Amino acid sequence: MKIFLDTANVEDIKKWAVTGLIDGVTTNPSHLSKTGGDPKQVIAQISSILPNGEISVEITEKDPDAVYKQAKEIAQLGNNILVKVPCHKEYYPIIKRLVDEGVQLNITLVFTLIQGLMMCKLGARYISPFVGRWDDIDVEGVEVLSKLRAMINGYGFKTHILAASIRHVRHFHYAILAGANVATVPITVLEKATTHVLTDQGIEKFDADWQKLGIKQFP
Ligand code: E4P
């Protein structure tokens, strides 16, 4: 399973990249707006931090022809760039065209099984079901992950599930259980998910017992 960072914060990405656990980054217009500066430079910095990682960059145009042109330009930013296109039916023809032309797509804003199926049929590399935004409207968001997994396995599609809109550790946990290929995780969630009070207490207890021996150097 791959873990992506759901942020455009360069310092946070640097900090987590050194762990060797991070396989990519998902940016979106909101993340890039929060980071500020020139988005092209920010993306270049992120790519240089994770040269072997997959970096998602979302289109910002709206008209399908402009989206197509922009998607091609975004794809040119680097070999490790995935272009995010929203799962809107107006874009289906250009998604098909981009896939046929070899552009690696991450279809974003996927909410339903049927939207997912459509994108699998078009051959998208990734679909990003948004878990947290379902929860926001009082619907169990993680359920769509298992439905998509069953559908992809059942029909033998090659599209990968990228669990997005992960808001807390439990979402991350369910993404793993549902067999998502990737979870894109905000830094706050990753910090919490990788911290355990019993691990911390255990280290302190072992250290306290070891100090009782009074040994200066070991081994
Ligand atoms: C990542 O690809 C998505 O844009 C992101 O996970 C959306 O998260 P949000 O629903 O918390 O804004």
Side-chain angles (χ1 to χ4, degrees), residues 1-10 12-13 16-17 21-36 39 42-43 45-47 49-50 53-62 67 70-71 74-75 77-78 80-88 91 95 98 103-112 115-116 118-120 124-145 148-149 159-176 178-193:
M1 189 200 194
K2 291 182 181 178
I3 298 173
F4 290 178
L5 295 177
D6 198 11
T7 181
N9 183 307
V10 172
D12 284 342
I13 294 167
W16 276 93
L21 284 167
I22 306 306
D23 304 291
V25 170
T26 51
T27 68
N28 62 29
S30 308
H31 292 329
L32 287 166
S33 171
K34 191 172 170 194
T35 297
V42 173
I43 289 154
Q45 276 178 292
I46 296 172
S47 292
I49 298 166
L50 288 168
E54 295 170 275
I55 317 300
S56 286
V57 180
E58 192 158 339
I59 56 97
T60 54
E61 294 288 347
K62 292 197 191 71
V67 168
Q70 191 186 26
I74 291 172
L77 293 177
N80 59 344
I81 300 290
L82 296 164
V83 184
K84 281 171 93 177
V85 177
C87 189
H88 192 287
Y91 301 143
I95 289 171
L98 290 164
V103 177
Q104 300 292 310
L105 295 182
N106 169 4
I107 303 299
T108 190
L109 292 162
V110 171
F111 288 90
T112 69
Q115 283 183 311
M118 299 304 174
M119 296 305 105
C120 290
R125 176 167 171 73
Y126 286 110
I127 46 173
S128 287
F130 272 39
V131 173
R133 291 196 194 186
W134 264 132
D135 285 12
D136 289 344
I137 55 165
D138 200 19
V139 176
E140 193 66 83
V142 289
E143 283 179 3
V144 74
L145 298 177
L148 290 168
R149 180 77 283 149
T159 298
H160 291 159
I161 300 170
L162 195 169
S165 190
I166 300 278
R167 302 277 180 72
H168 48 70
V169 178
R170 199 94 186 125
H171 281 156
F172 188 13
H173 179 117
Y174 275 116
I176 297 165
N181 302 87
V182 186
T184 188
V185 190
I187 300 292
T188 48
V189 175
L190 201 52
E191 293 283 356
K192 282 185 191 158

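Start at 1 and go down the list; that is how both ligands and their atoms are numbered. Reckoned from all heavy atoms, side chains included, excluding hydrogens, waters and symmetry mates. These numbers come from a predicted model, not from an experiment.
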N/O of Thr184 under 3.5 Å from N/O of ligand 1, yes or no?
-> no
Distance filter under 4.0 Å to Ser165 heavy atoms, resulting ligand 1 atoms = 5 (C), 6 (O), 8 (O), 9 (P), 10 (O), 11 (O)
Flag Thr27 as yes when one of its N or O atoms lies below 3.5 Å from any N or O atom of ligand 1, and as no otherwise.
-> no
Would you say Gln104 and Glu54 make side-chain contact, with heavy atoms under 4.5 Å?
-> no
Do Val142 and His171 come close enough that some side-chain heavy atom pair is under 4.5 Å?
-> yes
Atoms in ligand 1 with a heavy atom of Asn28 nearer than 4.0 Å | 3 (C), 4 (O), 5 (C)
Just jot down the ligand 1 atoms closer than 4.0 angstrom to any heavy atom of Lys84, in number order.
-> 1 (C), 2 (O), 3 (C), 4 (O)
Can you find a pair of side-chain heavy atoms, one from Leu109 and one from Arg133, that are under 4.5 Å apart?
-> yes
re atom 3 (C) of ligand 1, the protein heavy-atom contact at minimum distance is Phe130 CZ, 3.5 Å
Report the part of His31 (side chain from C-beta onward, or backbone N, CA, C, O) that has a heavy atom under 4.0 Å from ligand 1; answer both or neither where that applies.
-> neither
For Arg167, the ligand 1 atoms with a heavy-atom partner under 4.0 Å come out as 9 (P), 10 (O), 11 (O)
Does Ile95 reach the side chain of Leu105, with side-chain heavy atoms less than 4.5 Å apart?
-> yes
With a 4.5 Å limit on heavy-atom distance, are the side chains of Ile22 and Ile3 in contact?
-> yes
Say whether Asp6 and ligand 1 are in contact under the criterion: heavy-atom distance to a ligand atom below 4.0 Å.
-> yes
Beyond-backbone contact of Val83 with Leu98, side-chain heavy atoms, under 4.5 angstrom = no
Can you find a heavy atom in the side chain of Pro129 that is under 4.5 Å from one in the side chain of Leu148?
-> yes
Does Arg133, backbone or side chain, put an N or O under 3.5 Å from an N or O of ligand 1?
-> yes
